[in-house]
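The structure under discussion appears below in the form of structure tokens.
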Amino acid sequence: MKFNINLITIALLANAGAAMAADGYGIADANTGSINMKNWKCSACKIETGASGQVGVGVGYNDSDDIHSANALAAENDVVGKVDADIRYRGKDGYQAEIKATNLGMENGRAEITSGKIGKYKVSANYRQIATYSSETALTPYSGIGTDYLSLPSNWVTAGASDSMTALPSSLSPFELSLKRKRYGIGFEYQADQLWSTFVHYQREDKSGVKTTSGTIFNQSAMLPEPVDYSTDTVEAGIKLKGDHWFTALTYNGSFFRNDDQSLGFDSAYTPTFGGATAGYKSLDPDNNAHTVSLSGQYSADGSVVSGRLMMGRMTQDQDFVTSGYNYALPETNLDAEVDITGMDIRAVKRISNDLRISGSYNYYDRDNQTDVYEWTQISVNNVTGNAVYNTPYDSTVQKGKLAADYRIISGVKLTGGYDYRRDERNYSDREVTDENSVWARLAVSALEHWNMSLKGSYGKRDGSDYEASQWTSSEANPLLRKYYLANRDRKMVEARVTHSPLDNLTIDFGGRYALDDYSDTVIGLTESREVSYDASVNYQILEDLNLNLFYNHQTIKNEQAGAANFSTVATWFANTEDKVDVVGAGVYYDNLLEKKLRLGLDYTYSKSDSTTKVRQGVTGDYGDYFAKEQDVNAYAQYQATEKVALRLDYKMVKYEDNDAANDLAVDGIWNLISFGDLSHDYTAHLVMLSVNYKL
């Protein structure tokens with residue numbers, strides 16, 4: 001007997017395996033006792049050995065006068081290069097190796113190497129870089145950027161207000177606000193036999209750069225460049241056991257964060273007032289550790305699947321306090337913080353019949369703050385009287401429950417519905433308990449030829465314990481103020497999606513969503529939030545080698561807020577905010593030109609987001625508009641020069657502009673603040689890159 005198998009069959013079997021096993025159709029359930037497999041032969045199962053894949057290199061020129069463009073183009077320098085690779089090697093004895101690289105050498109590059117023997121072991125190593133650029137034109141009079149102390153020039157003359165500092169204009173120098181993360185990882189996996197396997201993975205992330213912070217002495221402030229020199233080590237190790245119908249794993253996760261800079265000191269630019277301080281100090285992110293151990297498992301039989309996880313962890317932080325410039329006695333040298341976490345997840349799925357399936361889940365998460373409480377001397381930096389304060393050990397417990405059912409009414413028509421529950425418990429909060437209950441239903445129709453449609457609706461309600469202003473969190477707030485994440489809320493949502501294929505080469509897709517959050521019991525705070533969003537896309541295969549796609553997305557969020565001055569029992573002012581986001585794009589490519597060697601393509605995207613805030617207090621005032629606009633163009637040509645060598649030329653253009661009142665600020669625009677100046681953007685950047693790809 002001959003047994004023929006191909007890659008398509010293998011793929012179908014692999015994807016169907018989990019679902020079939022859940023219904024009792026797994027391989028382990030088959031009755032193979034009477035089958036003679038001695039003479040079975042797979043004539044088409046020839047395994048290719050040796051190396052295959054492709055490798056490519058690229059070099060390009062970046063033309064930009066704003067470093068912010070590197071977020072889109074992944075290129076910081078004028079001349080950029082990259083390496084791409086997808087190489088596989090397979091030996092006759094089951095050994096295999098793989099090398100993958102994407103944009104390696106650019107600001108978003110990554111690479112991974114794996115090797116091992118199928119069913120025995122695997123060794124891996126990986127690298128990734130992530131960069132975020134804010135501005136290279138931020139201005140500051142301070143020197144020592146990147147160190148733990150910022151100094152003013154020797155000729156600095158202090159003053160009571162920023163616009164009176166005579167040396168400020170001549171002392172300003174630009175610097176770069178950006179962050180770079182580099183991740184390195186290694187891993188090892190070992191399959192002992194059919195019953196158990198083990199693994200260990202290690203990753204190191206180094207984060208460096210400069211970000212924005214501020215330093216304050218009494219009521220006088222300055223924006224400061226904070227150095228970032230972080231390292232985070234993470235370890236994951238575990239053991240897995242599996243049988244015919246079950247699986248379990250015991251896993252440990254550890255995270256170890258270190259900051260090479262414990263504090264940041266700075267010269268005061270202002271004339272000494274409160275206490276005669278001429279310098280300030282602030283602590284930076286402290287070193288901390290986190291450990292978790294989890295036990296997870298899954299069991300399937302007779303059309304049922306049950307899975308779950310138990311988790312326990314501890315987070316600690318015991319770095320010494322920063323005492324420079326602080327002349328009060330401390331109760332301890334460090335906080336010796338400790339937080340214990342406990343979690344549990346369980347999920348069950350049961351197929352009642354061919355038409356009905358039910359599922360349910362329960363999640364429990366508890367955060368128990370074990371940090372000791374101490375009395376601290378409070379230093380007043382505003383007009384509120386400073387008294388002794390205590391560190392608050394906040395605890396929280398979250399429980400979630402879900403129940404859902406899928407029912408096939410007829411072929412091509414399915415109704416799904418469910419109930420969701422969430423309970424939050426918080427100590428030292430304005431409201432210690434909140435309960436959320438939601439019901440939802442979804443109808444999906446695919447019975448009509450060339451049509452797929454779905455409609456979903458939901459209703460949810462949040463309430464809870466009595467709302468009382470907490471002395472720990474709201475001693476200076478109006479007792480009628482309701483924080484939006486604690487307040488009573490009614491939530492309604494409806495969404496629909498339609499996909500239509502009137503022609504074999506044309507597909508049209510449309511979807512819409514409407515949601516309303518009503519905080520009807522709130523007098524002071526957020527009273528309503530409304531969201532409308534919709535999207536549409538068209539894909540048209542005009543010719544066999546010519547394809548066109550179009551898309552559009554829109555979202556509008558409107559919020560209504562009520563406020564009160566001087567602890568009034570009624571609202572005395574109102575605010576309306578409206579946020580809009582629009583994204584439109586198109587892509588076209590023409591393949592198999594010039595004797596089927598050339599492919600031409602063009603992609604274009606335009607996005608715009610804007611926000612407006614209007615306040616009414618007798619008269620209507622406008623806080624000013626915020627907007628950000630971006631256009632992206634990528635035109636490319638790919639030419640197959642030989643059977644193994646392909647050339648590709650890319651041209652990318654980014655046109656970006658934003659207007660944000662928070663960034664459009666003069667260095668001395670506020671009397672008791674020294675800012676970084678205007679950080680808005682308005683630029684057009686270009687990148688041209690030539691790549692060569694070689695097929696092994």
(request) Go through the steps to decide whether Glu560 and Phe574 satisfy the test side-chain contact (heavy atoms from CB on, under 4.5 Å), and finish with yes or no. (result) CA-CA 7 Å; Glu560 296 181 7; Phe574 303 89; over 6 Å; no

(message) For Arg181, give me all partners under salt bridge (charged side-chain N to carboxylate O under 4.0 Å, His left out), at least two apart in sequence or on another chain.
(response) none

(message) Using every non-hydrogen atom in the two residues, find where Thr371 and Asn391 come nearest and quote the distance to one decimal.
(response) CG2-ND2, 4.1 Å

(request) Determine whether Tyr270 and Ile217 make a side-chain contact, defined as any pair of heavy atoms from C-beta on separated by less than 4.5 Å. (result) no

(request) Might you work through the side-chain contact (heavy atoms from CB on, under 4.5 Å) test for Val494 and Leu455, ending with a clear yes or no? (result) CA-CA 8 Å; Val494 61; Leu455 178 65; 4.0 Å; yes

(message) Any donor-acceptor pair under 3.5 Å linking the side-chain atoms of Arg423 with those of Asn437?
(response) no

(request) Verify side-chain contact (heavy atoms from CB on, under 4.5 Å) between Asp287 and Phe256, making sure each step is shown before the conclusion. (result) CA-CA 8 Å; Asp287 298 347; Phe256 310 90; over 6 Å; no

(request) Determine the sole option in Met344, Lys400, Lys402 for which the side chain to side chain contact (heavy atoms under 4.5 Å, CB included) test with Tyr362 is passed. (result) Met344

(message) Checking side chain to side chain contact (heavy atoms under 4.5 Å, CB included) between Ser533 and each of Glu495, Gln555, His554, which is the one that passes?
(response) Gln555

(message) Please enumerate all residues that pass salt bridge (charged side-chain N to carboxylate O under 4.0 Å, His left out) together with Asp535, with sequence neighbours excluded.
(response) Arg497

(request) Kindly indicate whether the side chain of Tyr514, heavy atoms from C-beta on, has any atom under 4.5 Å from the side chain of Lys492. (result) no

(request) Indicate the ring-plane relationship of Tyr142 and Phe266, choosing parallel, tilted or perpendicular according to the 30° and 60° boundaries. (result) perpendicular

(request) Specify the closest pair of heavy atoms between Ala404 and Trp440, including all atoms of both residues, with the distance to one decimal. (result) CB-CZ2, 4.1 Å

(request) State which residues pass side chain to side chain donor-acceptor pair (under 3.5 Å) with Asp285; sequence neighbours excluded, sorted by chain then number. (result) Tyr230

(request) Calculate, to the nearest 0.5 Å, the distance between atoms CG and CG belonging to Asp366 and Asp395 respectively. (result) 7.0 Å

(request) Apply the test side-chain contact (heavy atoms from CB on, under 4.5 Å) to residues Lys558 and Asn576: give CA-CA distance (whole Å), side-chain angles for both, the deciding distance (0.1 Å), then the verdict. (result) CA-CA 7 Å; Lys558 296 182 179 180; Asn576 294 82; over 6 Å; no

(message) I'd like to know if Asp420 and Arg422 make a salt bridge, using a cut-off of under 4.0 Å between side-chain N and carboxylate O.
(response) no

(request) Please check if any side-chain donor atom of Asp368 sits under 3.5 Å from a side-chain acceptor atom of Gln370, or the reverse. (result) yes

(message) Looking at every non-hydrogen atom in both residues, tell me the closest pair between Asp267 and Tyr149 and how far apart they are.
(response) OD1-OH, 2.5 Å

(message) Salt bridge or not between Asp406 and Arg357? Use side-chain N to carboxylate O under 4.0 Å.
(response) yes

(request) State plainly whether the residues Asp206 and Arg204 are in salt-bridge range, i.e. N to O under 4.0 Å. (result) yes

(message) Whether the Asp658 and Tyr626 side chains hold a donor-acceptor pair (N or O, under 3.5 Å, no angle test) is what I'd like checked.
(response) no

(request) Could you go through the side chain to side chain donor-acceptor pair (under 3.5 Å) check for Tyr365 and Asp345 one step at a time? (result) CA-CA 9 Å; Tyr365 180 86; Asp345 306 324; over 6 Å; no

(message) I'd like to check the side chain to side chain contact (heavy atoms under 4.5 Å, CB included) partners of Ala515; sequence neighbours left out, ordered by chain and number.
(response) Met493, Arg513, Glu531

(request) Name the orientation class of the two ring planes belonging to Tyr534 and Tyr552 (parallel below 30°, tilted from 30 to 60°, perpendicular beyond 60°). (result) tilted

(request) Decide yes or no for Ile557 and Ser529: does some side-chain heavy atom of the first lie under 4.5 Å from some side-chain heavy atom of the second? (result) yes

(message) Please enumerate all residues that pass salt bridge (charged side-chain N to carboxylate O under 4.0 Å, His left out) together with Asp521, with sequence neighbours excluded.
(response) none

(request) Under the side chain to side chain contact (heavy atoms under 4.5 Å, CB included) rule, collect the residues that match up with Tyr484, sequence neighbours excluded. (result) Tyr519, Leu526

(message) I want to check something: taking the side chain as every heavy atom from C-beta on, are Ser162 and Val667 in contact at a cut-off of under 4.5 Å?
(response) no

(message) With a 4.5 Å cut-off on side-chain heavy atoms, are Tyr459 and Asp490 touching?
(response) yes

(request) For the pair Lys608 and Asp582, find out whether any cationic side-chain nitrogen is under 4.0 Å from an anionic carboxylate oxygen. (result) no

(message) Please report the interatomic distance CD(Gln319) to OG(Ser283), rounded to the nearest 0.5 Å.
(response) 8.5 Å

(message) Counting C-beta onward and ignoring hydrogens, is there a side-chain heavy-atom pair between Ile674 and Met165 closer than 4.5 Å?
(response) yes

(message) Could you check whether any side-chain heavy atom of Lys614 comes within less than 4.5 Å of a side-chain heavy atom of Thr612, counting everything from C-beta outward?
(response) no

(request) Determine the minimum heavy-atom distance between Arg314 and Ile341, stating which atoms define it. (result) N-CG1, 4.4 Å

(message) To check you understand the geometry: which heavy-atom pair defines the closest contact between Arg426 and Thr434, and what is its length?
(response) NH1-OG1, 3.5 Å

(message) Atom NZ of residue position Lys350 - does it have more than 12 heavy atoms of other residues, nucleotides or ligands inside 6.0 Å?
(response) yes

(request) Work out which heavy atom in Asn253 is nearest to a heavy atom in Thr251; give both atom names and the distance. (result) ND2-CG2, 3.6 Å

(request) Could you tell me whether Arg530 and Glu528 make a salt bridge, using a distance below 4.0 angstrom between a side-chain N and a carboxylate O? (result) yes

(request) Measure the shortest side-chain to side-chain distance between Val305 and Gln298 over non-hydrogen atoms and say whether it is less than 4.5 angstrom. (result) yes

